[in-house]
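Worksheet: one structure, shown below.
Numbers restart at 1 for each chain; the letters A, B, ... are given by sequence-line order, proteins then strands. What you see is a predicted model, and the numbers here were worked out from it, not measured in a lab.
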There are 2 protein chains.
Amino acid sequence: MDQFFRSRDGGASPLDSARAVRPAARKARPAIRAENERALLEAAEQVFAEEGFGGATTAAIARRAGVPKANLHYYFVTKDALYRAVVERVLTAWLAAAASFDGSDDPREALAAYIGAKMDLARAMPLASRIWSAEIMRGAPMIQDFLDTTLTDWVAARETSVRRWIAAGKLKPIDAKVLFYMIWATTQQYANAAHEMATLNGGRPLDDAAFERAKRQVIATIVDGVTA
Amino acid sequence: MDQFFRSRDGGASPLDSARAVRPAARKARPAIRAENERALLEAAEQVFAEEGFGGATTAAIARRAGVPKANLHYYFVTKDALYRAVVERVLTAWLAAAASFDGSDDPREALAAYIGAKMDLARAMPLASRIWSAEIMRGAPMIQDFLDTTLTDWVAARETSVRRWIAAGKLKPIDAKVLFYMIWATTQQYANAAHEMATLNGGRPLDDAAFERAKRQVIATIVDGVTA
DNA sequence: TATAAGTTTGACCAAATGGTCAAATGACGT
DNA sequence: ACGTCATTTGACCATTTGGTCAAACTTATA
């Protein structure tokens, strides 16, 4: 995973090796450490999602996690490292969802599974999803390597599938990238614009039933829109 | 327009009256003022788009505009007011694009016109579009009134059109809101994720021809996906 | 050209920022 | 019980932040 990350200045990062997150731990206290890192990551996710990387402050994150700021810096040496750890979690989830594209040889099934997984991801991890979107909007300073390697390869491979489906007369002659951009945008929307949706829903967030209806409609629209 | 805006603390804003932007101007020098405000807004758009509201600094904006920071504060009393002015520009453009939905009684034509207009907006004003998305992602602290009033009304009215089209058998039985979320997300994507798209395009931004192809495919997918 | 207003700008400020440090505290194996 | 090392934390720091101010400078007009 770490190979996807580089520090914002492009130079070597103290996190280039996973171990480096913790200060040379010979006898780490796993329970304490795990709980503190969890609380800090959860707080960081909230603050980064609300304020963006630049607007978030380590003081606000520490306050929300209920620890002194110095303790935050004990577990995550810099704000950058903490942010990186948060982004890393989303990346893992992103890759898991991506795998669901490959469960079927039928484009309708593959697309439905993938769109459904991405919708569920946006629903289950709205804060992390928003951070992911914000990271991409800002030009992906933290995940450029992921874009250049894993994502490029993933898209290229799926483009091949799409071309095969087109040749088999199962899909219209579409550009696979445009299709993926549409899927990514539409599914992310359910995390990014949750507040806007709530406003247009009479001030209440989408309940589970409404979300499931939306998921079905999104799947149906895209699938029907691209199948021949 | 000003009725859409409220200050971040919800209290009265010095910008609630348009005139208040400038310090009691009896004999403003229009040429100088217009040029300075233009340069500052352009610089602000770049910096806000790159860094987000929280990450942007007035010093960086002033530097990019080529004026001393104190001069920035002469034209825009606070960072908040400058941000508000930037958002106001996008709102105007958003409303103009929205109008293109109403040019036809046929859903295929109305949707094609609206999606095309939103695509063109994302292409023509990518920075402003990104700021708009970021604003919505952050819970719309600046445009809540717009969401509550104009947008709510706009969506409600178009939902009526959609229902009529469904009853006439021209559209599948869809939820109009879900359709609009999809349109907003997909079109915004061409501003928000321009960098990601460039990476997947071999490092080069989409050229005009590729963009026009994408526009056609987006329109075709959505229209074919929702028409009966 | 005097004047009154609009404009420009360097110097300044209090508060907040990310980060450091050393001393104190706690837990665990022996 | 003790030594060791992980953990905790208040105090501290240099820098940056948004914003202010008063003095200087411009320009239209009487």
Do A:Leu41 and A:Leu82 come close enough that some side-chain heavy atom pair is under 4.5 Å?
yes

Could you tell me whether B:Phe146 and B:Trp132 have their ring centroids closer than 6.0 angstrom?
yes

Interatomic distance, B:Phe53 CZ vs D:dT17 P [rounded to whole Å]
14 Å

For the pair made of CZ in A:Phe76 and P in C:dT20, what is the distance, rounded to whole Å?
16 Å

In whole Å, what is the span from the NE2 atom of A:His73 to the P atom of C:dG18?
7 Å

Partners meeting side chain to side chain donor-acceptor pair (under 3.5 Å) with A:Tyr114 (sequence neighbours left out):
A:Trp184

Touch check for A:Ala56, heavy atoms < 4.0 angstrom, all strands: base, sugar-phosphate only, or nothing?
sugar-phosphate

If the sugar-phosphate is the primed atoms plus P, OP1 and OP2 and the base is the rest, what is the B/S/- string for nucleotides 8-16 of chain D, using protein heavy atoms under 4.0 Å?
BBB------

Donor-acceptor pairs under 3.5 angstrom involving side-chain atoms of residues 61-72 of chain A: please list them, not counting sequence neighbours.
| unit_1 | atom_1 | unit_2 | atom_2 | d |
| --- | --- | --- | --- | --- |
| A:Arg64 | NH1 | A:Gln46 | OE1 | 3.0 |
| A:Arg64 | NH1 | A:Glu50 | OE2 | 3.3 |
| A:Arg64 | NH2 | A:Glu50 | OE1 | 3.3 |

Measure the distance from CZ on B:Arg63 to P on D:dG18 and round it to the nearest whole Å.
11 Å

Would you kindly give the CZ-to-C1' distance between A:Arg33 and D:dC5, to the nearest whole Å?
12 Å

Interatomic distance, B:Lys79 NZ vs C:dA16 P [rounded to whole Å]
14 Å

Looking at B:Gln217 and A:Val178, would you say the former's side chain and the latter's main chain have a donor-acceptor pair under 3.5 Å?
no

Just report the end-to-end axis angle for the helix from C:dT1-D:dA30 to C:dT30-D:dA1, five pairs per end, to 10 degrees.
10°

Main-chain N/O of A:Gly203 paired to A:Asn201 side chain as donor or acceptor, under 3.5 Å:
no

Sequence neighbours excluded, the answer for ring-ring contact (aromatic ring centres under 6.0 Å, His included) partners of A:Tyr190 is none

Residues in ring-ring contact (aromatic ring centres under 6.0 Å, His included) contact with A:Phe48, at least two apart in sequence or another chain
A:Phe53, A:Tyr83

